[in-house]
Amino acid sequence: MRVQGGQAATGRGPGWELGEFLRSRRARLRPEDAGLPAYGGRRRVPGLRREELAQLAGVSAGYYTRLEQGQSPGASDAVLDAVARALRLDEAERAHLYSLARPRPAARRRPARPERVRPGVRVMIESFGDVPALVMGRFLDVLAWNPMAHALLAGHLDFGAPDRPDDRPNIARMMFLDPHTRELYADWPRKARSTVADLRLIAGRWPGDPGLTGLVGELTLRSPEFARLWAAHTVGDCGTAARAYRHPLVGTMELAAEFMALTEDEGQRVAVFNPEPGSPSESALRLLAGLTATSRPPATGRPPR
């Protein structure tokens, strides 16, 4: 079941999202971490107070309050940079702050067209051969995968599913709602956090998009774990650190994912999964290639019929 709508799950607009993000980052800082006196005793709010954060950023308390309430849409680069420094935001969080503070102009609503993979991109991922590779859409839909990525991540699903827009696998949906995916990752909680952080970063770039809103609404309703992680407002990209996979056919292996943005296809990324050369993981991946070779569809550069 896919839920349409779900606006409350993603927020009530960019200004509300900006305020929630700033409050969540402010709550994680203690006065002593910022060199401010704590004055002892219990504090009424977790982390820094608004006026303390404003002091660190060098802006008035009233101005920062308006910014946190989404009432200062014209914040300058200098102000945003100062707030980012005061909140100790990393690179991904800083980019998210700018996305929320300066949302895209609302475009006229047009019927959503399913994302497509250019034939050249499809040929590219097929050319990787025994190296798993796939194409993700802007909201983590799997738009295409080569046979090895299918065998690695979702051998229990139909290989042709990415070519049917209404039936496409979605990385976030699989992560929280598919028990096969949960079993696949040896450190599922870490991978789940990374997936939600990536989705948060995407949400800042595409505020209010019905497709994203529907996805977040569905996952919030159906997965308490997702709802908890989404409420934490953690942002970050997928990362390239090696992850351990517990594959049902070949056992445990470690693979590092590399992500490449497709500049001609806004929001689309290619993910490629590689083992350490000469490692047992490379042998396991080679074994998986052998076990699944006979069931592979032919490489054509076109979606299967």
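Worth saying up front: this structure is predicted, and the values here are computed from it rather than measured.
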For Asp265 and Arg138: C-alpha separation, side-chain torsions, deciding distance, then whether salt bridge (Lys or Arg N to Asp or Glu O under 4.0 Å) applies. CA-CA 9 Å; Asp265 308 281; Arg138 62 178 67 99; over 6 Å; no
Apply salt bridge (Lys or Arg N to Asp or Glu O under 4.0 Å) to Arg222 and Glu218, showing your working. CA-CA 6 Å; Arg222 298 179 63 186; Glu218 174 189 357; 3.0 Å; yes
Any chance you could lay out the side chain to side chain contact (heavy atoms under 4.5 Å, CB included) test for Thr181 and Leu153, step after step, and finish with the verdict? CA-CA 7 Å; Thr181 303; Leu153 300 174; over 6 Å; no
Ring pair (Phe, Tyr, Trp, His ring centres under 6.0 Å) between Trp230 and Phe176, worked out: CA-CA 12 Å; Trp230 186 256; Phe176 288 93; over 10 Å; no
Under the criterion side chain to side chain contact (heavy atoms under 4.5 Å, CB included), I'd like the reasoning laid out for Tyr64 against Leu22: C-alpha separation, chi angles, the key distance, then a yes or no. CA-CA 10 Å; Tyr64 178 76; Leu22 290 174; 3.7 Å; yes
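Annotation for Ala54 and Ser60: closest pair CB-O, 3.8 Å, computed over non-hydrogen atoms. Considering every non-hydrogen atom in both Ala82 and Ala57, the closest pair reads CB-O, 3.3 Å. The two residues Val270 and Ile125 have their closest heavy-atom pair at CG1-CG2, 4.2 Å. Pairing each heavy atom of Ala92 with each of Gly236, the nearest pair is CB-CA, 3.8 Å. What you find for Leu80 and Ala75 is that their closest heavy atoms are CD2-CB, 4.0 Å.
Residues Pro147 and Thr292 are not in side-chain contact: their nearest non-hydrogen atoms beyond the backbone lie 4.5 Å or more apart. In this structure, the side chains of Leu87 and Val83 come closer than 4.5 Å at one or more pairs of heavy atoms.
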For residues 247-257, please give each side-chain donor-acceptor pair under 3.5 Å, one per line with the distance, not counting sequence neighbours.
| unit_1 | atom_1 | unit_2 | atom_2 | d |
| --- | --- | --- | --- | --- |
| His247 | ND1 | Leu249 | N | 3.0 |
| His247 | NE2 | Ala151 | O | 2.7 |

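No donor-acceptor distance shorter than 3.5 angstrom exists from the side chain of Ser194 to the backbone of Arg190, with no hydrogens or angles considered. Side-chain N or O atoms of Glu183 include none that pairs as donor or acceptor with a backbone N or O of His180 at under 3.5 Å. Panel note: side chain Asn170, backbone Val142; no donor-acceptor pair is recorded below 3.5 Å. In this structure a side-chain-to-backbone donor-acceptor pair under 3.5 Å is present from Asp90 to Glu93. Panel note: side chain Asn146, backbone Pro132; no donor-acceptor pair is recorded below 3.5 Å. At distances below 3.5 Å, at least one donor-acceptor pair connects side-chain atoms of Arg168 with backbone N or O atoms of Pro162. Listed for the Glu258 side chain is no donor-acceptor partner under 3.5 Å among the backbone atoms of Phe273.
Under the 4.0 Å criterion applied to side-chain N and carboxylate O atoms, Asp163 and Arg122 are assigned as salt-bridge partners. Using a 4.0 Å cut-off between charged side-chain N and carboxylate O, Arg269 and Asp198 make a salt bridge.
Applying the ring-ring contact (aromatic ring centres under 6.0 Å, His included) rule to pairs touching residues 69-97 yields Phe21-His96, sequence neighbours excluded.
For the pairing with Glu225, the salt bridge (Lys or Arg N to Asp or Glu O under 4.0 Å) check across Arg193, Arg182, Lys191 returns one residue only, Arg182. Screening Glu51, Glu20, Glu52, Glu68 for a salt bridge (Lys or Arg N to Asp or Glu O under 4.0 Å) involving Arg26 leaves a single residue, Glu68.
From Leu143, atom CG reaches atom CZ of Arg116 across 9.5 Å, with rounding to the nearest 0.5 Å.
Under the 30°/60° scheme for interplanar angles, the aromatic rings of Tyr185 and Tyr245 are found to be tilted.
The distance between the ring centers of Phe128 and Trp145 does not fall below 6.0 angstrom.
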